[in-house]
Amino acid sequence: MKKDSFANSQLPGLFRVVIALMFLLSAVSKLYPSPYFAMTTFEIKQLVPLGFNETVAAYFSRILIGCELALGFLLLQKHFIKSLIIPASFLLLFVFSVHLTYDFITKGNAGNCGCFGSLLPMSPLAALIKNILGMGMLVFVYVKLNPEKRSSNFSFVMAVTLGAVLTIFLMGPIAKSTPEITENVEDVEVEDIEQDVPADTLAIDTKKGSVETPKQTEKLDAKEKTKNTEINVLNVQIAEPKAKKSGFASVYSDIDRGRKILCFYAPGCEHCKETAKELHELSKSVPNFPEMKIVFMDEEAELIPDFFAFSGQKLTHKIFDIASFWKTLGSDKDTPGVFYLWNGNLIKQYNGTGANAFKKDDFKKEVLKKWAE
């Protein structure tokens with residue numbers, strides 16, 4: 001009798017609290033670490049791949065998060081709880097579960113499902129199990145609840161829902177996408193060490209009909225030697241790969257010429273800073289290291305100077321808004337992203353902090369390889 005009494009009186013209330021907290025956490029986590037960053041990332045990584053237009057995705061994401069927030073509060077009150085709130089909660093979890101099942105079948109159990117944003121990364125399978133348990137609890141609560149009273153206040157339910165949705169829109173207003181916010185090209189500064197030479201040290205080259213100083217003659221000889229060395233290197237150089245379009249020419253026009261390393265970083269990302277530092281160390285130890293270029297995400301862009309101070313090197317970089325950044329990097333990828341290109345051919349790529357994370361020693365081997373290898 002005691003067990004039956006607990007199941008009838010206490011357990012339904014406990015389950016309602018658990019599911020309410022789950023919806024509230026889901027809504028709040030989609031605003032972490034900042035509403036604009038989190039919602040834009042959710043749209044590009046989760047909604048756009050489903051076929052949503054970017055504009056539609058922006059509105060849909062805010063309405064969806066607002067509804068999650070509203071259900072979290074409404075599950076804790078009494079109005080229309082059995083006829084509307086529980087069925088709506090079950091339907092939302094069911095739709096999420098169908099999507100997660102599809103992802104699990106087509107893509108496997110890799111990556112973050114996005115249910116709790118970047119606050120609590122979850123695999124598709126873990127999220128699916130969580131939703132199934134949630135739906136089971138909702139069914140139990142529905143069965144155990146008594147019929148609703150006629151005094152239920154629909155206006156209260158609508159006010160909470162609209163208030164939650166409006167709050168999300170106010171916290172994360174829809175911003176117009178501007179692919180390239182700014183560009184900052186840091187050129188290597190070369191100091192002019194050439195000094196004035198007294199007139200009496202001039203030497204006349206009668207063959208060329210020009211006037212040169214001893215230093216100038218020495219420099220010309222050095223340039224000639226360098227030129228001859230470069231020609232010899234070119235003569236014995238193993239054939240390079242044929243030119244190919246990498247898809248990044250809209251980012252840097254010369255990216256498909258020669259050997260390049262294109263990096264995608266978030267300025268405040270610790271893993272990104274470590275990767276940039278390791279690349280800088282490699283550039284000092286590996287001869288003929290490929291040219292490096294950076295695309296920064298416009299999230300905490302004020303930290304870029306600190307980023308370069310940590311890595312030890314300033315590089316050519318551009319800053320993209322969050323949506324354009326993810327579209328350029330790839331919605332299925334994460335930061336830090338490192339692409340090693342040779343005449344537009346993708347030789348090696350790294351992204352995120354998991355199995356595909358950047359590995360310094362592995363990349364060093366790739367850079368040292370000749371094309372024939």
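In this text the structure is predicted, and so the values were computed from the model without any measurement. All residue numbers refer to positions in the sequence shown, counting from 1.
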Residue pair Asp298, Phe325: steps toward the side-chain contact (heavy atoms from CB on, under 4.5 Å) verdict: CA-CA 8 Å; Asp298 182 29; Phe325 180 91; over 6 Å; no
Derivation and outcome, side-chain contact (heavy atoms from CB on, under 4.5 Å), residues Leu329 and Phe320: CA-CA 11 Å; Leu329 172 60; Phe320 276 22; over 6 Å; no
Pair Thr55-Ile174, side-chain contact (heavy atoms from CB on, under 4.5 Å): steps then yes or no: CA-CA 9 Å; Thr55 302; Ile174 298 173; over 6 Å; no
Verdict with reasoning, Asp321 to Tyr36, per side-chain contact (heavy atoms from CB on, under 4.5 Å): CA-CA 10 Å; Asp321 67 63; Tyr36 174 61; 4.2 Å; yes
Step-by-step ring-ring contact (aromatic ring centres under 6.0 Å, His included) determination, Phe296 to Phe307: CA-CA 11 Å; Phe296 278 118; Phe307 185 100; 5.1 Å; yes
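A cation-pi arrangement is not found for Lys348 relative to Phe363, the charged atom failing to lie both closer than 6.0 Å to the ring centre and inside a 45° cone about the ring normal. Judged by a 6.0 Å distance limit and a 45° cone about the ring axis, Lys144 is not positioned over the six-membered ring of Phe15.
Across all non-hydrogen atoms, the minimal contact from Glu240 to Trp371 is C-CD1, 3.9 Å. Taking each heavy atom of Phe96 and Glu68 in turn, the nearest pair found is CE1-OE2, 3.6 Å. Residue Leu69 comes nearest to Ala27 through the heavy atom pair N-CB, 3.8 Å, listed as atom of the first residue, atom of the second, then distance. For the residue pair Ile261 and Cys263, the shortest heavy atom distance occurs at CG2-SG, 3.8 Å. For Pro124 against Gly108, the heavy-atom pair with the smallest separation is CG-O, 4.1 Å. Heavy-atom minimum distance, Cys115 versus Ser29: O-OG, 3.9 Å.
Side-chain atoms of Ser97 come within 3.5 Å of backbone atoms of Leu93 as a donor-acceptor pair (strictly under, hydrogens ignored). Using a distance-only test at 3.5 Å, with no hydrogens or angles considered, no donor-acceptor pair links the side chain of Asn345 to the main chain of Ile347. The backbone N or O of Asp334 lies less than 3.5 Å from a partner atom in the side chain of Asn351, making a donor-acceptor pair. The closest donor-acceptor contact from the side chain of Ser283 to the backbone of His280 lies under 3.5 Å. Formation of a donor-acceptor pair under 3.5 Å by the Arg259 side chain with backbone atoms of Val367 is found in this model. Under a 3.5 Å cut-off, the side chain of Arg16 and the backbone N or O of Leu75 do form a donor-acceptor pair. Of the possible polar contacts, one joining the Lys82 side chain to the Leu145 backbone as a donor-acceptor pair under 3.5 Å is found. For the pair Lys318 (side chain) and Val251 (backbone), a donor-acceptor distance under 3.5 Å is present. Listed for the Lys260 side chain is no donor-acceptor partner under 3.5 Å among the backbone atoms of Gly258. At distances below 3.5 Å, not a single donor-acceptor pair connects side-chain atoms of Asp256 with backbone N or O atoms of Asn343.
The side-chain heavy atoms of Leu14 and Gln10, taken from C-beta on, include no pair separated by under 4.5 Å. Side-chain contact between Phe358 and Leu279: present, with at least one pair of heavy atoms (C-beta onward) separated by less than 4.5 Å. At a threshold of 4.5 Å between non-hydrogen side-chain atoms, the residues Leu120 and Leu25 count as touching. Side-chain atoms of Thr335 and His271, non-hydrogen and from C-beta on, never get closer than 4.5 Å to each other. Contact annotation: the side chain of Met297 approaches that of Trp326 to within less than 4.5 Å [non-hydrogen atoms, C-beta and beyond]. For the pair Asp103 and His99, the minimum side-chain heavy-atom distance is below 4.5 Å. You'll find the side chain of Phe104 stays beyond 4.5 Å of the side chain of Leu128, heavy atoms only. Using a 4.5 Å heavy-atom cutoff, the side chains of Ile168 and Leu31 are in contact.
In the displayed structure, Lys365 atom NZ is contacted under 6.0 Å by at most 12 heavy atoms of other residues, nucleotides or ligands. More than 12 heavy-atom neighbours from other residues, nucleotides or ligands sit within 6.0 angstrom of CZ on Phe289. Heavy-atom contacts from other residues, nucleotides or ligands closer than 6.0 Å to CG of Asp362 number more than 12. No more than 12 heavy atoms of other residues, nucleotides or ligands sit less than 6.0 Å from atom NZ of Lys364.
Following chains of ILVMFWY side-chain contacts shorter than 4.5 Å, one cannot reach Val28 starting from Ile19, and the two form parts of different hydrophobic clusters. Met135 and Val18 fall within a single hydrophobic cluster, where Ile, Leu, Val, Met, Phe, Trp and Tyr are joined by side-chain heavy atoms under 4.5 Å apart, directly or via other members. Phe116 and Leu125 fall into different hydrophobic clusters, where Ile, Leu, Val, Met, Phe, Trp and Tyr are joined by side-chain heavy atoms under 4.5 Å apart, directly or via other members. In the hydrophobic clustering of this structure, Leu100 groups with Leu50; members are Ile, Leu, Val, Met, Phe, Trp, Tyr whose side-chain heavy atoms approach within less than 4.5 Å, directly or through other members. Both Phe73 and Phe154 are part of a single hydrophobic cluster, where members link through side-chain heavy atoms under 4.5 Å apart.
Between Glu299 atom CD and Cys269 atom SG the span is 11.5 Å, to the nearest 0.5 Å. For the atom pair CG (Leu91) and CD1 (Ile86), the distance works out to 13.5 Å, reported to the nearest 0.5 Å. Remark: Leu71 CG to Thr161 OG1 distance equals 7.0 Å, nearest 0.5 Å. Thr41 OG1 to Ile322 CD1: the interatomic distance, rounded to the nearest 0.5 Å, is 6.0 Å. Note that CD1 of Ile63 is 5.0 Å distant from CZ of Phe169, once rounded to the nearest 0.5 Å. Of the inter-residue distances, the one linking Lys360 atom NZ with Leu282 atom CG reads 5.5 Å to the nearest 0.5 angstrom.
Relative ring orientation between Phe264 and Phe248 is described as tilted, the plane-to-plane angle lying within the 30° to 60° band.
Ring centroids of Tyr340 and Tyr350 are separated by 6.0 Å or more, keeping the two rings apart. Ring centroids of His317 and Tyr265 are separated by 6.0 Å or more, keeping the two rings apart.
Using a 4.0 Å cut-off between charged side-chain N and carboxylate O, Glu43 and Lys30 make no salt bridge. A salt bridge does not link Lys273 to Asp306: none of the charged nitrogens lies less than 4.0 Å from a carboxylate oxygen.
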